[in-house]
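This structure is a prediction, so every number in the text was calculated from the model and none was measured. Residues take their numbers from the sequence shown, with the count starting at 1.
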Amino acid sequence: MLFIGIDLGTSSTKLLLSDGKGNILNTVSKDYPLIFPHPGWSEQDPELWWKACTDGIPELLEGFDASRVVGIGSGGQMHGLVALDINDKVIRPAILWNDGRTAEEVEYLNEKIGREKLSARTANIAFAGFTAPKILWMKKHEPEKFKRISKIMLPKDYINYKLTGVHCCDYSDASGMLLLDVKNKKWSKEMLDICSVSESQMPKLFESYEVVGNLTESAASALGLPKTVKVVAGAGDNAAAAVGTGTVGEGKCNISIGTSGTVFISSDHFGVDPNNALHAFAHADGGFHLMGCMLSAASCNKWFCEDILGTDDYASLQKEIKPQNLGKNHVFFLPYLMGERSPINDTNARGTFVGMTMDSSRADMVQAVLEGVAFAIRDSIEVAKSLGIKIPRSKICGGGAKSPLWKKIFANVLGIPLDMVKTEQGPGFGAVMLAMVGCGLYPDVQSAAEILVSTSSTVEPDEKLVKLYEKRYQEFRQIYPEMKGLFSRII
């Protein structure tokens with residue numbers, strides 16, 4: 001048996017082929033562009049996602065027996081608004097998770113409707129990236145297009161529709177729409193009414209490992225696969241990545257350093273941060289999780305190195321950082337290049353360097369970027385600790401985790417051991433695992449994780465560095481409150 005995992009990302013779709021033992025047999029990546037119509041806006045053409053699949057899956061299967069493929073799972077970028085008309089045609093480019101146009105709608109939801117009501121109905125408050133504010137924005141600014149909406153979907157669900165003809169969504173991804181009653185796993189009628197949409201316009205809800213259908217004849221033909229292939233509902237990218245790192249069941253933690261950064265804490269039980277600084281979502285294993293999400297993580301390093309310094313040789317830049325300077329950097333960086341979600345929820349926040357002097361070096365600046373992302377992740381960890389959650393260690397994954405220096409910084413900023421898993425394929429591997437469960441190869445997600453996920457290496461914190469970084473973190477956390485009022489005035 002063979003399984004295909006689809007990782008529908010912001011800049012590319014990554015495809016992987018696995019056997020039933022979790023061995024990765026082949027991978028293919030297909031890039032596509034983002035659209036930035038206005039400052040702070042971020043859009044994408046959903047047809048590019050489907051083209052990435054129709055081009056990439058036949059390439060993925062070259063040299064393999066396609067008839068052995070039995071299941072497909074997907075993990076995808078969350079929150080994006082995909083609006084379809086009565087003929088299931090895309091009405092407008094998808095408004096993505098990192099789009100910041102909905103400040104007015106977020107304020108309306110949080111202040112007029114009220115945070116307490118939102119939290120009671122959905123376990124969350126409004127953030128600019130969530131889907132509900134995007135729907136309200138479209139209703140106000142594109143009323144004619146809004147009237148044409150027949151189905152509202154999320155990015156990976158559009159792919160599942162193209163595969164199966166079924167309008168579907170899983171609970172983990174639906175949790176980030178601000179339209180789901182997360183505790184009771186059903187659409188919130190009150191929230192649908194607020195957004196002037198009906199339940200008939202929403203996709204059918206599934207657990208992430210449940211089969212939503214088989215390939216349509218046209219999809220099977222386009223992909224070179226048998227129509228018997230089963231497609232599971234899949235999961236939001238962070239939940240899928242958590243499955244792929246074995247972050248399932250009670251009390252596990254995963255830190256992902258990708259384009260965005262996340263702290264993901266799994267639980268068998270539903271729970272809500274009373275201040276809603278962390279998201280309370282359903283998990284792909286059938287349980288729940290708390291999640292802190294920062295909008296710019298590894299993308300901060302990419303921006304500074306490529307756009308500012310003009311090089312993509314990250315390793316060489318990091319070699320300039322002397323080990324004896326760790327924990328002693330006098331330059332700080334606020335990593336809020338796209339505004340910020342967790343835990344400050346401020347669309348006006350901006351990336352900021354603080355503390356530079358005439359002897360500040362390029363290495364200091366690069367170090368500040370790496371440390372700033374780690375400090376911001378710790379902000380969410382501190383919220384979890386305030387709820388009585390113990391985090392004695394964590395998995396770490398994502399592109400940023402490939403840097404030994406960055407992992408070392410994270411381990412010492414957080415003061416905990418960080419484990420790298422043997423197979424680090426992000427949401428794609430988690431999606432494959434969900435497909436295996438859906439096809440009956442494993443009885444449940446936790447069983448699959450216990451068998452398929454193992455640790456390859458661990459970064460241990462150094463007691464001296466932990467103390468140095470504790471002091472730096474306490475200084476870092478004072479910067480944003482001082483800057484907050486200025487940010488709102490200069491936007």
Side-chain angles (χ1 to χ4, degrees), residues 10 34-43 78-81 95-115 118-119 124-138 140-141 176 178 259-263 273 275-279 291-304 307-308 331-356 368-369 371-373 375-380 382-383 475-491:
T10 311
L34 283 156
I35 307 166
F36 302 106
H38 300 283
W41 291 23
S42 182
E43 299 182 351
M78 297 178 68
H79 313 302
L81 173 60
I95 306 176
L96 300 190
W97 61 273
N98 57 352
D99 186 283
R101 76 185 69 185
T102 59
E104 290 184 5
E105 289 74 21
V106 168
E107 183 179 8
Y108 165 74
L109 288 167
N110 285 334
E111 304 303 329
K112 298 296 184 182
I113 301 300
R115 287 176 171 83
L118 294 180
S119 185
N124 296 278
I125 60 173
F127 288 79
F130 282 10
T131 317
K134 296 180 174 74
I135 295 171
L136 290 174
W137 182 92
M138 192 173 172
K140 179 179 179 180
H141 296 277
L178 203 68
T259 302
S260 61
T262 58
V263 175
D273 162 25
N275 296 314
N276 296 112
L278 299 180
H279 308 322
M291 185 175 73
C293 179
M294 58 182 296
L295 295 180
S296 302
S299 53
C300 289
N301 191 43
K302 176 180 172 65
W303 160 79
F304 188 65
D307 295 347
I308 305 303
V331 181
F332 293 90
F333 175 69
L334 297 185
Y336 307 144
L337 297 177
M338 295 289 293
E340 189 55 293
R341 265 170 53 179
S342 305
I344 63 174
N345 193 18
D346 186 355
T347 58
N348 294 326
R350 290 294 179 263
T352 308
F353 282 102
V354 176
M356 293 174 290
V369 171
E371 291 171 340
V373 173
F375 289 147
I377 284 288
R378 180 168 167 181
D379 282 342
S380 287
E382 290 300 313
V383 174
E475 293 168 347
F476 169 87
R477 69 188 307 183
Q478 297 177 51
I479 299 172
Y480 168 73
E482 294 292 333
M483 297 290 293
K484 181 178 180 180
L486 176 62
F487 287 143
S488 63
R489 294 195 298 272
I490 64 176
I491 294 303

Taking the side chain as every heavy atom from C-beta outward, state whether Leu81 and Asp99 have any atom pair closer than 4.5 Å. no

Donor on one side chain, acceptor on other, Trp97 and Ser42, under 3.5 Å: no

Closest non-hydrogen contact found for Val373 with Ala297 is CG2-O, 3.6 Å

Electrostatic pair Glu105:Arg101 at N-O distance under 4.0 angstrom: no

How far does CG of Asn98 sit from CZ of Arg341, to the nearest 0.5 angstrom? 10.0 Å

For the residue pair His279 and Phe127, is the inter-centroid distance of their aromatic rings smaller than 6.0 Å? yes

Within a 6.0 Å radius of atom CD on Glu482, are there more than 12 heavy atoms belonging to other residues, nucleotides or ligands? no

In Å and rounded to the nearest 0.5 Å, what is the CD1 to CG distance from Ile113 to Leu178? 10.5 Å

Using the side chain to side chain contact (heavy atoms under 4.5 Å, CB included) definition, which of the options Asn348, Ile344, Leu295 pairs with Tyr336? Ile344

Could you check if a side-chain atom of Val263 sits within less than 4.5 angstrom of a side-chain atom of Met291, using non-hydrogen atoms only? no

Once the angle between the rings of Phe476 and Phe332 is folded into 0 to 90°, is it parallel (under 30°), tilted (30 to 60°) or perpendicular (over 60°)? tilted

Please indicate whether Glu104 has more than 12 foreign heavy atoms, meaning atoms of other residues, nucleotides or ligands, lying under 6.0 Å from its CD. no

Can you tell me how far apart CE (Met338) and CZ (Arg350) are? Round to the nearest 0.5 Å. 8.5 Å

Roughly how far, to the nearest 0.5 Å, is the OG atom of Ser488 from the CE atom of Met483? 11.0 Å

Would you please classify the geometry between the Phe333 ring and the Phe353 ring as parallel, tilted or perpendicular, with 30° and 60° separating the classes? tilted

